[in-house]
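We use all heavy atoms of the structure for the numbers below, so side chains are in, but hydrogens, waters and symmetry mates are not. Only a predicted model underlies this, so the values are computations on that prediction, with no experimental measurement involved.
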Amino acid sequence: RQRNAELATINSVQAALAGELDVEAIYDIVGDKLRDVFDAQVVDVAVYDEDSDVLRFPYTIERGVRYPDDPMPVIGFRRHVMETREPLLINEDVAGAAELYGNPAVRTGDPAKSWLGVPFIAGGKARGVISLQNVDQEHAFTEAEKRLLATLAGSLSVALENARLMDETQQRVAELATVNSVGQALASQLELDALIELVGDRVRETFDADIVYVALHDEPSAQIDFAYFHEGGERREEPPLGYGEGLTSQILDSRKPLVINRSLEEQEREYIGTPSRSYLGVPIVVGEKAIGVISVQSTREEGRFGETDAGLLATIAASVGVAIQNARLFEAQREAERQYRKLVEELPLAVYKDVPDESATSEYISPLVEEIFGYAREAWMKPEFFASVLHPEDRERTIAAHAAALAGGDDRWSMEYRVIAADGRTVWVRDDAWIVKDVDGTPLHVQGFMIDVTDQALAHAEIRRQKQYFESLVEIS
């Protein structure tokens, strides 16, 4: 009759687990069944987190009260069960056995008077421990119950392995989606500040972290600037840190990820903000140099981050390194263009860049053109405008000379002509231009500048007039 009851229990558990792929649901099913079958006031399922080297407790219940996960090191009774991969039954003097095995004192509730633990094994490795505790009496568990619990642990192992394989597949798909999403967002952003903001927000969402920061190493000032710092749902400014201080400097120097799954405060580690219980930081590397660090932290939970998290964050950081480099190059180029334009706009001439055709339509023209001719800069960017403001006597000659230079592939040319200004004045212009070509020799645009030479032209005209006047006097005499 007892054997039949055991088989019925096993079949009941296996039927409940059949097809279930949600890990948390599997733990709940097994835990609840164990409560119904065994005379135990405490039932818990401890799962070994290999990345963090801690035991997590997805299911812990005592006298009907469910407790949240509270990770602990692999020690005591559970360590023995995992190392031997054999059940452990202690039916008396649990306190003495605890001292012998190095088991910690009770963490919550009453101390156990009987303790039974069995491993669940997958892939040849102990993945965790199911334990039952009776806090009311000694000799609460029998050898038959030990065998039954071991059999149920086998069913749990199969269900967890199936769920793990499915979860790994889904996690990998989610990680690739995250990396692709971040990569696409970064590819469209060349503003450094906006890029850093985007990275910080995406990382915070992905890791559901209590603290996130993006730190950049400012070498000239020998300090670490926190370009992004977010804690407890609040974005805030964080003062710079001297280079050489704290975990960030350690990561910059080593150029390797750093995972700490214990309280920074208890380990007397340097930290900023609220002391975290789990810390993950990875370097942002460009070439052979670490230029910054991305960190995610949990202030509530130890053992939070593992190798998978470090790998994902490092992949994101690699994309960030490329994006920051591009943003800095873009900013440097833009600054060079600003300086160039400032220089150009201070010159006593009108600098222009035209499309390479006969219309001489400007793509850019410096502000001094308005002072010289009185027309708005935008007017020069309209087709046919240039021809319309040429002096009637110079129009045909100037347009023909411009077209001939383009058709002949001249690299440079210079000409003088007259322009009718907005106020009706006649302005003499000296125009120097050259063609900018691509590597294949195809014209990209015409670069040039116009100088107001009206005074020189009038002076030359006056000289010619006076020369003609004196020559006429000589002829008369």
**Q.** Side chain Gln447, main chain Tyr352, donor-acceptor under 3.5 Å
**A.** yes
Q. Are the side chains of Val369 and Tyr375 in touch, meaning some heavy atoms are under 4.5 Å apart?
A. no
Q) Got a sec, which residues hit side chain to side chain contact (heavy atoms under 4.5 Å, CB included) with Glu378, two or more places apart in sequence or on another chain? A) Ala376
Q: Kindly state whether the ring of Phe373 and the ring of Trp380 have centres lying under 6.0 angstrom apart.
A: yes
Q | Check: Asp438 main-chain N/O paired with Thr442 side-chain donor or acceptor under 3.5 Å | A | no
Q) For atom CD of Glu307, is the number of surrounding heavy atoms from other residues, nucleotides or ligands below 6.0 Å larger than 12? A) no
**Q.** side chain to side chain contact (heavy atoms under 4.5 Å, CB included), paired with Arg430, selected from Met415, Glu416, Gln456
**A.** Glu416
Q: Please name all residues satisfying side-chain hydrogen bond (donor to acceptor under 3.5 Å, both in side chains) with Tyr228, sequence neighbours left out, ordered by chain then number.
A: Asp201, Arg204
Q | Leu241 CG to Glu238 CD distance, which is reported to the nearest 0.5 Å | A | 9.0 Å
Q) Between Pro257 and Pro283, which heavy-atom pair has the shortest distance, and what is it? A) N-CD, 3.9 Å
Q: List for me each residue that meets salt bridge (charged side-chain N to carboxylate O under 4.0 Å, His left out) alongside Glu396, sequence neighbours excluded, and say none if there are none.
A: none
Q: Compare every heavy atom of Pro356 with every heavy atom of Leu444, then report the nearest pair and how far apart it is.
A: O-CD, 3.6 Å
Q. Would you call Glu231-Arg236 a salt bridge at under 4.0 Å N-O?
A. yes
Q.
Asp225: which residues meet the salt bridge (charged side-chain N to carboxylate O under 4.0 Å, His left out) condition with it, sequence neighbours left out?
A. none
Q: Please indicate whether Asp193 has more than 12 foreign heavy atoms, meaning atoms of other residues, nucleotides or ligands, lying under 6.0 Å from its CG.
A: no
Q: May I ask you to test the Ile211-Phe229 pair for a side-chain heavy-atom distance under 4.5 Å?
A: yes
Q: Evaluate the side-chain contact (heavy atoms from CB on, under 4.5 Å) criterion for residues Ile420 and Thr426: first the C-alpha distance (whole Å), next the side-chain angles of each, then the deciding distance (0.1 Å), finally the verdict.
A: CA-CA 5 Å; Ile420 305 301; Thr426 296; 3.9 Å; yes
Q. Taking atom CD1 of Ile224 and atom CG of Leu216, what is their separation to the nearest 0.5 Å?
A. 10.0 Å
Q. What's the spacing between Ile372 CD1 and Leu349 CG if we round to 0.5 Å?
A. 7.5 Å
Q) Hey, mind stepping through Val74 and Val54 against side-chain contact (heavy atoms from CB on, under 4.5 Å) and telling me if it holds? A) CA-CA 6 Å; Val74 185; Val54 296; 5.9 Å; no
Q) Can you find a pair of side-chain heavy atoms, one from Arg127 and one from Phe120, that are under 4.5 Å apart? A) yes
Q. Is the Phe386 ring parallel, tilted or perpendicular to the His402 ring (thresholds 30°, 60°)?
A. tilted
Q) Between Asp28 and Tyr59, do the side chains contain an N or O donor and an N or O acceptor separated by less than 3.5 Å? A) no
**Q.** Shortest non-hydrogen contact between Gly242 and Ser249, atoms and distance
**A.** O-OG, 4.1 Å
(Q) Using side-chain heavy atoms (C-beta onward) and a distance below 4.5 Å, is Phe207 in contact with Leu313? (A) yes
Q.
Please enumerate all residues that pass side-chain hydrogen bond (donor to acceptor under 3.5 Å, both in side chains) together with Asp423, with sequence neighbours excluded.
A. Arg425
Q. For Ile196 and Leu198, what are the C-alpha separation, side-chain angles and deciding distance, and is it a side-chain contact (heavy atoms from CB on, under 4.5 Å)?
A. CA-CA 5 Å; Ile196 296 295; Leu198 184 153; over 6 Å; no
Q.
Tell me if a side-chain donor or acceptor on Asn261 pairs with a main-chain N or O of Phe305 at a distance below 3.5 Å.
A. yes
Q) Just wondering, do Val199 and Ile294 contact through their side chains at under 4.5 Å, heavy atoms? A) yes
Q.
With salt bridge (Lys or Arg N to Asp or Glu O under 4.0 Å) as the rule and sequence neighbours excluded, what pairs involving residues 287-301 come up?
A. Arg56-Glu301, Asp210-Arg300, Glu219-Lys289, Arg255-Glu288
Q. Among all residues two or more places apart in sequence or in another chain, which pass the salt bridge (charged side-chain N to carboxylate O under 4.0 Å, His left out) test with Asp32?
A. Arg35
Q: Only counting residues at least two apart or in another chain, list the ones meeting side chain to side chain contact (heavy atoms under 4.5 Å, CB included) with Ser295.
A: Tyr213, Tyr279, Gln297
(Q) Val81 vs Arg78, test: side-chain contact (heavy atoms from CB on, under 4.5 Å). Steps then yes/no. (A) CA-CA 5 Å; Val81 170; Arg78 295 179 181 86; 5.5 Å; no
Q.
Does any part of the side chain of Met381, heavy atoms only, come nearer than 4.5 Å to the side chain of Glu363, both counted from C-beta?
A. no
Q.
Do Tyr67 and Asp44 pair up side chain to side chain, a donor and an acceptor below 3.5 Å, judged on atom types alone?
A. no
Q | Shortest non-hydrogen contact between Val446 and Ala433, atoms and distance | A | CG1-CB, 4.0 Å
(Q) Please enumerate all residues that pass side chain to side chain contact (heavy atoms under 4.5 Å, CB included) together with Ala126, with sequence neighbours excluded. (A) Met82, Arg85
(Q) Filter on side-chain hydrogen bond (donor to acceptor under 3.5 Å, both in side chains), then keep only pairs touching residues 382-393, sequence neighbours left out; what's left? (A) Glu393-Arg418
Q | Spacing of Leu247 atom CG and Leu280 atom CG [to the nearest 0.5 Å] | A | 11.5 Å
Q | Heavy-atom side-chain proximity of Pro367 to Arg377 below 4.5 angstrom | A | yes
Q: Could you tell me which residues satisfy side-chain hydrogen bond (donor to acceptor under 3.5 Å, both in side chains) with Arg395, sequence neighbours excluded, listed by chain and number?
A: none
Q | Non-hydrogen atoms of Ser359 and Asp357 that approach each other most closely | A | OG-OD1, 2.6 Å
**Q.** Which residues share a side-chain hydrogen bond (donor to acceptor under 3.5 Å, both in side chains) with Thr454, sequence neighbours left out
**A.** Asp452
**Q.** For the student: nearest non-hydrogen atoms of Ala317 and Val282, plus distance
**A.** CB-CG2, 3.7 Å
Q | Atom pair CG (Leu34) and OG (Ser131), whose distance is rounded to the nearest 0.5 Å | A | 10.0 Å
